[in-house]
Amino acid sequence: MTGQPTALQAIPGHIALIMDGNGRWAENRSLPKFKGHEAGMDAMIRVVRHASDIGVKHLTVYAFSTENWKRSVGEVAGIFDLLLIYVNRELEELHRNGVRVDILGDRTPFSKKVNAALDKTIQKTKDNDGLRFHIALNYGGRADILMAAKDFAMTFAEGHLEKSLKDFDERDFARYLYTDGTPDPDLLIRPGGEKRLSNFLLWQIAYAELVFSDVLWPDFGPEDLDLAIGEYGARKRRFGGRI
Ligand code: FPP
């Protein structure tokens, strides 16, 4: 399947994306790794634009994981420099297209400059009603669940739990996660050839359809997104039931 998804085709309400393969893309071209991340940012811009055009409601991208701090200081700094370039350069276009941006993850270790740019982006786009673009930064699925559990325990210990423990269910717990207010992903796409989840949205992807692609992230384009959506559309989702 190529080209734009047809009107009849199911567009997933929420797509989660693991942007993998920047390093190998650069290596294949004998370029420094930073160039791979730069090309990865361009791919992200194209995919966000396309997702918005075809009516995806939520797109969550894994831009920096809690484990990515293990990379070299230079690489980490380069990724955050790109993030600044991205939010400063693309903010007007995102806003014009009605995109609403928010961040998932622990922002406390970020510099004042990065946090100020993120705040400005969130603030400026907060009333937009188009694509919800969630950028996972210093995010880890386990850290998300642990933070939620601690927050829940604190609420309970302080006697502020809104219902009895007996009636407290999965939906109630999900309100403590970074993704509070966002429906679970319907489709998770991982380009780059690896077939693992890498600690991304572990709670939230319980029933997501998984699509893996060998295309390295910087080469991933609108047509690859359409292919993944086509594959998603051909799946029968049963959510544990038998239909
Ligand atoms: C994984 O590729 C990618 C990352 C760790 C960073 C993702 C960053 C971007 C797409 C660009 C910047 C955008 C923002 C918003 C900061 P990898 O280096 O693990 O690739 P490899 O598996 O080939 O080594």
Side-chain angles (χ1 to χ4, degrees), residues 15-52 58-95 99-107 109-111 113-122 124-125 131-141 143 178 188-201 212-222 224-225:
I15 299 178
L17 246 175
I18 299 179
M19 305 186 290
D20 188 30
N22 296 349
R24 277 164 291 159
W25 184 92
E27 202 175 274
N28 292 344
R29 288 164 177 74
S30 307
L31 291 169
K33 202 161 185 186
F34 176 74
K35 287 282 169 198
H37 290 319
E38 211 171 54
M41 183 178 76
D42 291 340
M44 189 175 81
I45 293 169
R46 292 193 296 269
V47 166
V48 170
R49 213 174 273 153
H50 188 61
S52 168
H58 295 266
L59 176 70
T60 303
V61 299
Y62 208 8
F64 193 86
S65 76
T66 45
E67 287 71 37
N68 286 153
W69 297 106
K70 293 181 203 150
R71 297 189 176 209
S72 75
V73 175
E75 185 180 351
V76 171
I79 292 176
F80 280 94
D81 284 348
L82 275 178
L83 176 68
L84 278 174
I85 292 172
Y86 176 72
V87 290
N88 291 327
R89 203 181 66 193
E90 298 298 315
L91 180 55
E92 287 308 323
E93 185 189 326
L94 289 167
H95 187 51
V99 177
R100 177 174 162 190
V101 182
D102 59 61
I103 307 295
L104 309 182
D106 177 10
R107 287 174 48 186
F110 300 169
S111 69
K113 201 168 162 184
V114 166
N115 272 322
L118 294 177
D119 282 339
K120 185 174 159 199
T121 307
I122 294 164
K124 175 141 182 140
T125 62
L131 173 73
R132 298 279 309 267
F133 180 37
H134 313 276
I135 309 176
L137 279 171
N138 193 22
Y139 176 86
Y178 281 119
L188 176 126
I189 308 171
R190 180 171 190 145
E194 311 282 1
K195 293 185 176 59
R196 56 177 169 261
L197 300 174
S198 300
N199 200 16
F200 192 38
L201 299 172
F212 298 97
S213 157
D214 287 331
V215 175
L216 299 176
W217 173 249
D219 290 328
F220 198 91
D224 299 296
L225 186 68

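Ligands are counted one by one from 1 in listed order, and the atoms in each one are counted from 1 as well. Only heavy atoms go into these numbers, but all of them, side chains included; no hydrogens, no water, no symmetry mates.
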(message) When you compare the side chain of L17 with that of P191, does any pair of heavy atoms fall below 4.5 Å?
(response) yes
(request) Please state whether F64 comes within less than 4.0 angstrom of ligand 1, counting heavy atoms only. (result) no
(request) Around atom 4 (C) of ligand 1, find the nearest protein heavy atom and jot down its residue, atom name and distance. (result) H37 CE1, 3.8 Å
(message) Between R24 and D219 (salt bridge meaning N to carboxylate O under 4.0 Å), is one present in this structure?
(response) no
(message) Using every non-hydrogen atom in the two residues, find where H37 and E75 come nearest and quote the distance to one decimal.
(response) NE2-OE2, 2.7 Å
(message) Do the side chains of K35 and E38 get close enough for a salt bridge, i.e. N-O under 4.0 angstrom?
(response) yes
(message) Starting from atom 18 (O) of ligand 1, what is the nearest protein heavy atom, named by residue and atom, and what distance separates them?
(response) R71 NH1, 2.9 Å
(request) Could you tell me whether E92 and K124 make a salt bridge, using a distance below 4.0 angstrom between a side-chain N and a carboxylate O? (result) yes
(request) Check W25 against G36 and note the closest heavy-atom contact, atom names and distance. (result) CE3-CA, 3.8 Å
(message) Give me the nearest non-hydrogen protein atom to atom 24 (O) of ligand 1 as residue plus atom name, then the distance to 0.1 Å.
(response) G23 CA, 3.7 Å
(message) Going by the closest heavy atom to atom 22 (O) of ligand 1, which one wins out of D20, V61, L17?
(response) D20
(message) Give the atom numbers and elements of ligand 1 that come within less than 4.0 Å of a heavy atom of N68.
(response) 5 (C)
(message) Parallel, tilted or perpendicular, judged at 30° and 60°: which one describes the rings of H58 and H134?
(response) parallel
(message) Below 4.0 Å from ligand 1: does a non-hydrogen atom of K33 turn up there or not?
(response) yes
(request) Report the nearest protein non-hydrogen atom to atom 3 (C) of ligand 1: residue, atom name, distance rounded to 0.1 Å. (result) M19 O, 3.1 Å
(message) Heavy-atom distances under 4.0 Å decide this one: backbone, side chain, both or neither, for M44 against ligand 1?
(response) side chain
(request) Just need the protein heavy atom nearest to atom 7 (C) of ligand 1, so name the residue and atom and give the distance. (result) A63 O, 3.4 Å
(request) List the closest protein heavy-atom neighbour of atom 9 (C) of ligand 1: residue, atom name, distance to the nearest 0.1 Å. (result) N22 ND2, 3.6 Å
(request) Output yes when the distance from some N or O of ligand 1 to some N or O of W217 is under 3.5 Å, and no in every other case. (result) no
(request) Check the surroundings of atom NZ in K195: do more than 12 heavy atoms from other residues, nucleotides or ligands lie under 6.0 Å from it? (result) yes
(request) Report the part of E194 (side chain from C-beta onward, or backbone N, CA, C, O) that has a heavy atom under 4.0 Å from ligand 1; answer both or neither where that applies. (result) neither
(request) Any atoms of ligand 1 less than 4.0 Å from a non-hydrogen atom of R24? List them with their elements. (result) 21 (P), 22 (O), 23 (O)
(request) Describe, in one word, how the ring planes of W69 and F80 are oriented to each other, choosing from parallel (under 30°), tilted (30 to 60°) and perpendicular (over 60°). (result) parallel
